[in-house]
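So you know, we letter chains A, B, ... as the sequences are listed, proteins then strands, and number each from 1. Every heavy atom of this structure was used, including side-chain atoms; hydrogens, water molecules and symmetry mates were not.
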Amino acid sequence: MNLFKYFREEIIKSVEAIVPGLDTSKVTAEPPRETSHGDVATNAAMVLTKAAGMKPRDLAEKIAAALRTHPAVSEVEVAGPGFINLRLADSFWFERLAEVLAAGTAYGESDMGKGCKVNVEYVSANPTGPMHIGHARGAVFGDALASLLVKAGYDVTREYYVNDAGSQVDVLARSAFLRYREALGEEIGEIPEGLYPGEYLKPAGEALAKKYGPALKDKPEAEWLPELRTFAVDAMLDMIKDDLAGLGVRHDVFVSERGLVDAGKVQDSLDYLTGKGLIYEGVLEPPKGKLPDDWEARPQTLFKATEFGDDVDRPLRKSDGSWTYFASDIAYHLDKYRRGFGSMIDVWGADHGGYVKRMQAAVKAVSEGGGDLDVKLCQMVNLLKGGQPYKMSKRAGTFVTLRDLVEAVGKDVVRFIMLTRKNDAHLDFDLDKVLEQSRDNPVFYVQYAHARCHSVMRHAAGMWPDAVGPVPGIDVLARLTDPAELGLIRLLAGWPRQVESAAEAHEPHRVAFYLYDLAAAFHGLWNKGKDETRLRFLIEDDRELSLARLGLLRAVVGVIASGLGIFGVAPVEEMR
RNA sequence: GCAGCCGUAGCUCAGCUGGAUAGAGCGCUGCCCUCCGAAGGCAGAGGUCGUAGGUUCGAAUCCUACCGGUUGCGCCA
């Protein structure tokens, strides 16, 4: 249960009994920043003071009086300008702990999403080469966001949009053709300017040689291009999927841009917009400030993006008559909408920032306001080693590959670190620091907490064979009376709220910070046991207390595993 | 020129969508310690939340302008 949601409802009930019919939408129930202010604080009296026609403190006193009768509330005080602070009974916290233990890693699951369909599109890298480090962040972010939304009760589809219709695919096909000739024994020399030089195309060339023999070698381009396009795209996509698998990232659906074009969906969506009078032939104003050298006014097919909040209208057709990217993107998002996704999330690189408004405008237009598109832009990752900018081997071209990165530090480290910043902030990724065993390496710190818990559990099993058997009941858990223990329980009980707020904000990084806090609280309790032996988890001559503390540890394990599960990071039981 | 994002402690960043005395890690200073499992622990100093206005009971958070950084800016992908 999200206890803050629960108490918000309880508070509103109390208000209703005092002054019925108020608009309570602005009432909040939150953990106070200051722990001395109790467990739950509400602003109810302050936001309702006008509508209720009472002074904030007077209204607060009345609400407080009503809340004092609640069995889970041990103390109520009115403070400051009219805050109502609740302190909850220990028994309430023990119930929460029991709830964690009963749920295990499922703890934190929420029905907030009510099973609504959400489409999360991420990676969508062009199928023209291997994944590089620039793709990694978006991949991990999208994957974790999708998992987070699943946890929060949404029906999530993970999607990859394959840009296989643009001219870059022709370039790819020609590059593959060159490698094909190479595989047949021809000397190809330098890769000509304008083709992809990367060696990753060699296997594709060899596969082509195997499949066709010399049959294509002397044919004109028009005869082999379509076939090689498909072949090369498939080969690249296989490679990308492989790279992603190495990072533990997966997708449910791959949508082909060419497929949309061939099925006439681009034409359909533009017909639809034309029917609404949102497309016209016109001439755009030149951009202000520095003009591109070759700028000249020319009539274009334009979408009235300005009617939906964009800065200028946007072109749909190139001068050669083919669709712009934007045109097929409109078709693609209409397609998503028609597949039932009223809620769409696109994860893009920050360099596409200028594209957001027009895409949101298009979604509004095409869904008649029924669809919602949130675009999450992932900022650059600065790769460092020992604090200095770092370049890895360039065996695949001019970039650091994702594969190299995963090989260097492991998938779990890559995933966790990528999620320790909010998506629109720059991220430093230091190859040395992420492997450090210290408190300022969050991956280690969180993993270590989990492993330490397991260590104690293994130790306990040696003392009492049944120690880690059935979960202890509330009467046993009630032996946990130290403030540090109760503090840890409070933190655990806050997990459902964290999941919901992170999911609502589409911000998985909040989970990383929560896990770090939880790990810190656990390690803190551990350290207290160093000085005060009575606080150690296992007390040989007090089996019941030990069982209660083991229960607490198992709850910590459950919540950490639950959070790492969202991140796709394995919770380890031993550090190596 | 326009648009997006960022600006919080010496450094790297949180700050729960408007709440109470703004937090963490690192670094710094001073004490203590060698552990069920390996990151040592405790305490302390350190902030006009970029600047200036505005909204209101209340602003780091919302609005406006400006400053600094960054990304992008008609057919590229």
Side-chain angles (χ1 to χ4, degrees), chain A residues 4 26 28 30-34 37 41 43 46-47 49-50 56 79-83 85 126 128 163 166-169 171 283-292 295-298 300-302 310-326 349-357 375 377 379-380 420-426 428 433 436-442 444-445 448-449 451-452 454-456 458-460 462-463 494 497-498 500-502 504-505 507 509-510 512-514 516-517 519-520 523-524 526-531 533 536-538 574-576:
Chain A
F4 297 96
K26 294 185 90 169
T28 60
E30 294 174 334
R33 208 196 302 267
E34 188 70 40
H37 290 144
N43 62 357
M46 290 178 290
V47 296
T49 178
K50 261 182 202 166
F83 287 102
N85 296 327
N126 284 339
T128 54
N163 290 128
S167 57
Q168 83 280 5
V169 180
V171 173
V283 180
L284 285 178
E285 294 284 312
K288 298 257 163 43
K290 52 176 192 280
L291 263 190
W295 199 92
E296 58 179 75
R298 68 166 74 91
Q300 288 176 297
T301 306
L302 299 168
D310 200 359
D311 307 310
V312 287
D313 292 339
R314 302 292 180 178
L316 298 168
R317 211 185 268 281
K318 303 181 198 172
S319 49
D320 68 358
S322 61
W323 303 120
T324 60
Y325 249 76
F326 184 46
D351 53 342
H352 288 64
Y355 214 76
V356 175
K357 278 190 180 177
V375 179
L377 298 175
Q379 269 293 349
M380 300 274 302
T420 53
R421 291 282 176 270
K422 63 174 151 249
N423 58 292
D424 45 18
H426 289 267
D428 287 339
K433 191 161 242 180
E436 220 170 71
Q437 301 206 340
S438 75
R439 185 166 183 163
D440 62 333
N441 176 6
F444 168 77
Y445 198 58
Y448 187 31
R452 254 186 174 171
H454 273 280
S455 164
V456 179
R458 284 191 295 271
H459 204 260
M463 291 167 79
R497 179 172 183 272
Q498 289 292 335
E500 291 188 356
S501 63
E504 200 165 9
E507 290 184 351
H509 76 276
R510 293 188 191 188
F513 284 92
Y514 170 81
Y516 185 84
D517 285 347
H523 289 306
W526 175 289
N527 287 326
K528 273 185 96 174
K530 281 186 187 175
D531 296 337
T533 45
R536 296 196 176 185
F537 295 108
L538 304 179
E574 282 176 279
M575 303 302 287
R576 296 192 190 283

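Residues from residues 312-323 of chain A placing a heavy atom under 4.0 Å of any atom in RNA chain B, listed by number, are A:Pro315, A:Lys318, A:Ser319.
Judged by centroid separation below 5.5 Å and plane tilt below 30°, A:His352 does not stack onto the base of B:rG72.
When heavy atoms are screened at a 4.0 angstrom cut-off, A:Ala502 is found touching no nucleic acid atom at all. Heavy atoms of A:Tyr516 sit under 4.0 angstrom from primed sugar atoms or phosphate atoms, though from no base atom. When heavy atoms are screened at a 4.0 angstrom cut-off, A:Glu574 is found touching base atoms of the nucleic acid. Nucleic acid contact for A:Lys50: sugar-phosphate only, since backbone atoms but no base atoms lie under 4.0 Å from a heavy atom of the residue. Within 4.0 Å (heavy atoms only), A:Tyr445 reaches at least one base atom of the nucleic acid. Note on A:Ala520: nothing from the nucleic acid sits closer than 4.0 angstrom, heavy atoms only. Nucleic acid contact for A:Asn163: none, since no nucleic acid atom lies under 4.0 Å from a heavy atom of the residue.
Ring planes of A:Tyr355 and A:Phe326: perpendicular class, angle over 60° (limits at 30 and 60°).
Each of A:Gln437 and A:Ala350 was assigned the nucleotide of RNA chain B with the nearest heavy atom; the assignment lying further toward the 5' end belongs to A:Gln437. Nearest-nucleotide positions on RNA chain B for A:Leu377 and A:Asn441 put A:Leu377 closer to the 5' end.
Here the P atom of nucleotide B:rU71 and the CG atom of A:Asn423 are 17 Å apart, to the nearest Å.
Atom NZ of A:Lys433 is surrounded by 12 or fewer heavy atoms from other residues, nucleotides or ligands within 6.0 Å.
The closest side-chain donor-acceptor pair between A:Thr128 and A:Asn126, if any, does not fall under 3.5 angstrom.
Among residues two or more places apart in sequence or in another chain, the ring pair (Phe, Tyr, Trp, His ring centres under 6.0 Å) test is passed with A:His523 by A:Tyr445, A:Tyr448. Residues meeting the ring pair (Phe, Tyr, Trp, His ring centres under 6.0 Å) test with A:His454, sequence neighbours left out: A:His450. Residues passing the ring pair (Phe, Tyr, Trp, His ring centres under 6.0 Å) test with A:Tyr325, sequence neighbours excluded: none.
One C1' atom belongs to B:rA3, the other to B:rU48, and the distance between them is 31 Å to the nearest Å.
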Set out, line by line, the N/O atom pairs under 3.5 Å between protein and nucleotides 11-19 of chain B.
residue: B:rU12; atom: O2'; partner: A:Arg421; partner atom: NH2; Å: 3.1
residue: B:rC13; atom: O2'; partner: A:Arg421; partner atom: NH1; Å: 3.3
residue: B:rG15; atom: OP1; partner: A:His509; partner atom: NE2; Å: 3.3
residue: B:rG15; atom: OP2; partner: A:Lys422; partner atom: NZ; Å: 3.3
residue: B:rC16; atom: O2; partner: A:Arg497; partner atom: NH1; Å: 2.7
residue: B:rC16; atom: O2; partner: A:Arg497; partner atom: NH2; Å: 3.3
residue: B:rU17; atom: OP1; partner: A:Glu30; partner atom: OE2; Å: 3.3
residue: B:rU17; atom: OP2; partner: A:Glu30; partner atom: OE2; Å: 3.3

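Where pairing requires Watson-Crick or G-U contacts shorter than 3.5 Å, the helical stems of RNA chain B with at least three consecutive pairs are B:1-7 with B:67-73, B:10-13 with B:23-26, B:28-32 with B:40-44, B:50-54 with B:62-66.
Of the candidate nucleotides B:rG40, B:rA39, B:rC75, B:rA39 has the atom nearest to the side chain of A:Arg452.
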